[in-house]
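So you know, we letter chains A, B, ... as the sequences are listed, proteins then strands, and number each from 1. Computed from a predicted model, the values in this text were never measured in an experiment.
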Amino acid sequence: MAKAIRIYNTLSRTIEPFTPLHENRVGMYVCGPTVYNYLHLGNCRTFSSFDIVFRYLIYAGYQVRYVRNITDAGHLEGDRDEGDDKFAKRAKLEKLEPMEIVQKYTQYFHDVMQAFNCLPPSIEPTATGHIIEQIEMTKLLLEKGWAYEVDGTIYFDVEKYSKENNYGILSNRNLNDLLDGTRELSGQDEKQGRLDFALWIKAKPEHLMQWPSPWGNGFPGWHIECSAMSQKYLGNEFDIHGGGMDLIATHHTNEIAQNCACNGVSPARVWMHTNMLTVNGVRMSKSAGNGFLPNELFSGSHPLLEKGYSPMSVRFFMLQSHYRSTLDFSNEALQAAEKGYARLMNAIKLIDNLKTEGDNASYIQSLTDKCEAAMNEDFNTPIAISHLFEGVTFINNVNDGREKISASDKIALKKLFHDFVFDILGLKMESEQGNDKLDGLMQILLAQRADAKARKDFAASDLLRDQLLALGITIKDGKEGATYNL
RNA sequence: GGUCCUGUGGCCGAGUGGUUAGGCAGAGCUCUGCAAAAGCUCGUACAGCGGUUCGACCCCGCUCGGGACCUCCA
């Protein structure tokens with residue numbers, strides 16, 4: 001059932017049934033961050049989306065090898081194979097070694113991924129760790145005639161490639177359109193074609209990150225690293241390649257060209273692309289200056305925010321939209337998500353204490369089927385969540401005695417919520433339900449308050465409640481006695 | 001200019017040719033000493049104009065609006 005997964009493929013622009021190359025195994029490559037600066041929330045959305053894909057494929061019973069790279073070299077400011085190296089520029093700015101920059105922002109990236117409860121990938125290769133592989137691939141492309149050298153720099157010959165291949169296959173553009181959108185070569189350009197891009201770039205003597213190669217000292221172009229690393233760990237052909245939509249036109253297009261030219265086959269069968277996060281309708285990006293840093297969001301220190309939001313509220317917020325839709329960021333939307341997430345978690349806490357009776361099964365199974373059906377259809381998390389909220393209503397009804405649940409359904413209900421909310425959506429309980437001592441203390445206070453209420457000393461009971469509330473502890477009087485929430 | 005996406009109720013966001021998305025907010029009610037929590041009920045939603053159809057928010061065309069990519073960005 002869960003294996004009837006269908007995925008939107010950018011190559012075909014349709015939703016297709018997903019069949020892995022090798023039965024029961026899935027190879028997935030996702031373009032990771034360039035660690036020259038703090039990653040912002042838009043980046044987090046992409047990685048959270050693929051975290052869901054990873055988790056659901058595991059749930060569906062696949063053995064998944066998930067490769068997500070770290071770009072720690074070779075990324076120039078402009079993609080015209082000129083301009084500053086991003087790491088070198090940042091290193092100068094912060095007065096650090098380039099590898100200190102890499103270390104710092106890689107660490108930040110990992111911390112944020114952990115905060116968002118994203119599972120670590122199976123392999124997280126770095127560009128600097130695979131210089132040899134990139135040189136080898138560049139050599140092969142030269143040998144096969146798809147690339148040429150100009151004074152220590154190697155370019156990929158796009159126009160030659162286009163004669164036998166569809167260069168714009170992913171972006172759905174033809175070569176002439178692409179050429180129209182590109183500036184004329186100036187007299188200073190070394191490359192032969194306007195669309196040609198560098199595989200290997202000759203380093204100036206002062207360049208901080210450089211490696212020896214058959215063409216002299218240099219560093220790899222941006223696109224070759226993903227081709228070389230995906231091939232190394234997933235083979236010439238693998239199942240899924242993912243990234244943000246902004247990578248389609250250039251990075252992924254060039255990646256396909258490199259792999260096809262080198263191996264004669266397109267690397268990935270399915271290309272998945274996540275849409276952008278927007279702020280007031282405009283794409284969040286570093287250059288637009290509207291990029292939220294994750295910890296600005298958590299603490300609420302960003303000027304556009306009224307308050308801070310917990311990582312799980314934000315994750316839940318993101319999951320309430322489909323990964324291929326743009327998602328707009330606002331205080332109101334965030335607050336709505338925060339409350340919705342709290343409601344979901346509160347219902348889950350109730351499951352264990354539900355009283356069972358009767359034997360009216362099957363409802364939970366149908367709910368499970370609906371959740372799976374939603375996820376099977378291109379990982380439609382918002383629909384899955386809407387079904388989970390049906391379950392929330394059911395749980396609350398059972399808890400209030402308006403509905404009954406059988407013992408077997410209760411087990412199924414618990415499994416459903418644990419599978420979907422925790423394992424697949426990757427949410428987790430944030431509010432620590434305290435330790436034993438705290439709980440014991442609370443029970444004493446609740447007993448005192450119950451006692452005051454029994455004496456109709458409401459002034460005393462309300463005072464206790466207000467004082468606890470001031471500490472962030474909410475008291476709820478139920479039929480079975482009072483409970484508390486931290 | 002080229003390529004493409006998009007316009008859903010107060011807000012965020014799914015979806016479908018003919019039966020409810022869902023969350024948040026709002027109103028009323030139930031429960032309660034009061035709250036909180038929970039539940040129930042409610043609200044002229046599908047940019048505009050045409051067309052196809054027995055029937056369209058969902059298909060087609062046009063108009064208007066918003067956005068992305070074609071420079072680096074997930």
Side-chain angles (χ1 to χ4, degrees), chain A residues 13 30-34 36-37 39-50 75-80 83-84 86 168 171-174 176-183 222 242-251 273-278 281-288 291 316-317 319-322 324-344 346-347 350 374 377 380-390 392-393 395-397 399-403 453 456-458 461-462 465-466 469 474-479 482-485:
Chain A
R13 292 172 191 261
V30 171
C31 292
T34 303
Y36 71 103
N37 205 336
L39 86 165
H40 61 69
L41 225 47
N43 305 298
C44 297
R45 179 140 71 165
T46 292
F47 301 131
S48 298
S49 295
F50 285 106
H75 211 154
L76 298 182
E77 289 258 285
D79 196 44
R80 291 166 181 169
D84 289 335
K86 286 181 172 175
S171 59
N172 199 22
R173 277 180 231 184
N174 65 46
N176 288 335
D177 287 344
L178 287 165
L179 284 167
D180 284 347
T182 319
R183 56 150 198 186
W222 175 34
M245 269 184 183
D246 49 351
L247 299 182
I248 293 174
T250 307
H251 183 54
H273 292 98
T274 58
N275 215 134
M276 302 291 111
L277 197 60
T278 60
V282 179
R283 172 184 172 181
M284 184 180 286
S285 69
K286 284 167 192 165
S287 51
F316 182 77
F317 165 71
L319 293 177
Q320 277 191 298
S321 74
H322 187 88
R324 281 191 288 115
S325 304
T326 55
L327 173 62
D328 201 57
F329 215 66
S330 69
N331 277 292
E332 249 186 317
L334 237 25
Q335 274 163 28
E338 187 175 54
K339 290 189 180 171
Y341 163 73
R343 186 163 166 232
L344 182 63
N346 283 334
L350 292 174
E377 192 66 8
N380 200 322
T381 52
I383 293 192
I385 288 173
S386 79
H387 293 312
L388 289 172
F389 272 103
E390 280 179 42
V392 168
T393 301
I395 290 168
N396 289 329
N397 277 329
N399 191 50
D400 289 354
R402 277 181 295 274
E403 293 261 14
K453 281 177 69 173
K456 299 222 188 284
D457 184 358
F458 296 123
S461 71
D462 287 353
R465 185 173 66 194
D466 293 344
L469 188 63
T474 314
I475 301 296
K476 289 184 280 189
D477 290 329
K479 284 178 182 161
T483 55
Y484 69 95
N485 253 330

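- Annotation: rC12(B) and rA47(B) have their P atoms spaced 15 Å apart (nearest Å).
- Following rounding to the nearest Å, Gln335(A) (CD) and rC24(B) (P) show an atom-to-atom distance of 13 Å.
- A residue-by-residue look at Leu247(A) and Ser171(A) shows that Ser171(A) has its nearest nucleotide of RNA chain B further toward the 5' end.
- The side-chain contact (heavy atoms from CB on, under 4.5 Å) test applied to Asn397(A) returns Thr393(A), Arg402(A), Glu403(A), not counting sequence neighbours.
- Atom CE of Met245(A) is separated from atom C1' of rC4(B) by 10 Å (rounded to the nearest Å).
- Remark: Thr278(A) is not in phosphate contact with rG67(B), judged by side-chain N or O atoms under 4.0 Å from OP1 or OP2.
- Contacts of Thr381(A) classified as side-chain hydrogen bond (donor to acceptor under 3.5 Å, both in side chains), with partners at least two apart in sequence or in another chain: none.
- Contact annotation for Ala336(A): base contact, defined as any heavy-atom pair under 4.0 Å involving a base atom.
- With sequence neighbours excluded, the residues forming a side-chain contact (heavy atoms from CB on, under 4.5 Å) with Glu377(A) are Arg6(A), Ile15(A), listed by chain and number.
- Remark: His251(A) pairs with His223(A), Glu255(A) by the side-chain hydrogen bond (donor to acceptor under 3.5 Å, both in side chains) rule, at least two apart or across chains.
- Here Asn380(A) does not reach the OP1 or OP2 of rA14(B): none of its side-chain N or O atoms lies under 4.0 Å away.
- Computed from coordinates, the Met284(A) CE to rA74(B) P distance equals 13 Å when rounded to whole Å.
- Listed nucleotides rG2(B), rC11(B), rC24(B) differ in distance to Arg173(A); the shortest reach to its side chain belongs to rG2(B).
- At a threshold of 4.0 angstrom between heavy atoms, the contacts of Gly243(A) are confined to the sugar-phosphate backbone, with no base atom among them.
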Protein-to-nucleotide contact annotation, 5' to 3' order, nucleotides 17-22 of chain B [B base; S sugar-phosphate only; - none; under 4.0 Å, heavy atom]: ----BS

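- Checked against salt bridge (Lys or Arg N to Asp or Glu O under 4.0 Å), Asp457(A) has the following partners two or more places apart in sequence or in another chain: Arg455(A).
- Rounded to whole Å, the P atom of rA38(B) lies 36 Å from the corresponding atom of rG48(B).
- The Ala249(A) side chain lies nearest to rC69(B) when the options are rC69(B), rC34(B), rC24(B).
- Ranked by how close their nearest RNA chain B nucleotide is to the 5' end, Asn43(A) and Lys456(A) are led by Lys456(A).
- Look at CG on Asp462(A): it is 11 Å from P on rC34(B), rounded to the nearest Å.
- As rounded to the nearest Å, rG18(B) and rG22(B) have C1' atoms that lie 23 Å from one another.
- Between the side chain of Asp328(A) and the base of rG13(B) there is no donor-acceptor pair of N/O atoms closer than 3.5 Å.
- For rG23(B), the OP1/OP2 oxygens have no side-chain nitrogen or oxygen of Lys339(A) closer than 4.0 Å.
- A search for side-chain hydrogen bond (donor to acceptor under 3.5 Å, both in side chains) contacts involving Gln335(A) returns Glu306(A), Tyr309(A), not counting sequence neighbours.
- Of the C1' atoms belonging to rA25(B) and rG13(B), the separation is 14 Å, rounded to the nearest Å.
- Within 4.0 Å (heavy atoms only), Ser49(A) reaches no atom of the nucleic acid at all.
- Distances from the side chain of Asp477(A) to the nucleotides rC24(B), rC34(B), rC12(B) place rC34(B) closest.
- Closest to the Thr250(A) side chain, of the nucleotides rG2(B), rC72(B), rC24(B), is rC72(B).
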Intra- and interstrand pairs of RNA chain B - dot-bracket, Watson-Crick/G-U under 3.5 Å, | marks other strand: (((((((..(((.....[...))).(((((.......)))))....(((((..]....))))))))))))....

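- Residue contacts for Leu39(A): at a heavy-atom cut-off of 4.0 Å it reaches no nucleic acid atom on any strand shown.
- Across rC40(B), rG2(B), rA74(B), the shortest atom-to-atom separation from the side chain of Asn397(A) is found for rC40(B).
- Taking the side-chain contact (heavy atoms from CB on, under 4.5 Å) definition, one finds that Ser461(A) meets it with Arg449(A), Ala452(A), Lys453(A), Phe458(A), sequence neighbours left out.
- On a pure distance criterion of 3.5 Å, no polar donor-acceptor pair joins the side chain of Arg402(A) and the base of rC31(B).
- When the P atom is compared between rC40(B) and rG23(B), the two are found 10 Å apart, to the nearest whole Å.
- When the P atom is compared between rC42(B) and rC49(B), the two are found 29 Å apart, to the nearest whole Å.
- Comparing the same atom, P, in rU63(B) and in rC69(B) gives a spacing of 25 Å after rounding to whole Å.
- Across the C1' atoms, rU16(B) and rA37(B) are found 35 Å apart, a figure rounded to whole Å.
- OP1 or OP2 of rC5(B) has not a single side-chain nitrogen or oxygen of Arg13(A) nearer than 4.0 Å.
- Stacking of Phe458(A) onto the six-membered ring of rG33(B) is present: less than 5.5 angstrom between centres, less than 30° between planes.
- Ring-plane geometry between Phe316(A) and Tyr341(A) is classed as tilted, the angle between the planes lying from 30 to 60 degrees on a 0 to 90 degree scale.
- A donor-acceptor contact under 3.5 Å is not formed by the side chain of Asn346(A) with the base of rA37(B).
- For Asn396(A), no side-chain nitrogen or oxygen approaches OP1 or OP2 of rA38(B) to under 4.0 Å.
- A donor and an acceptor atom never sit less than 3.5 Å apart when one is taken from the side chain of Arg465(A) and the other from the base of rA36(B).
- Checking rA74(B), rG33(B), rC72(B) against the side-chain heavy atoms of Lys86(A) singles out rC72(B) as nearest.
- Distance CG (Leu319(A)) to C1' (rA14(B)): 14 Å, rounded to an integer number of Å.
- With a 4.5 Å cut-off on side-chain heavy atoms, Gln320(A) and Leu327(A) do not count as touching.
- Closest approach to the Ser321(A) side chain among rG23(B), rA36(B), rA14(B) is made by rA14(B) (side chain taken as heavy atoms from C-beta onward).
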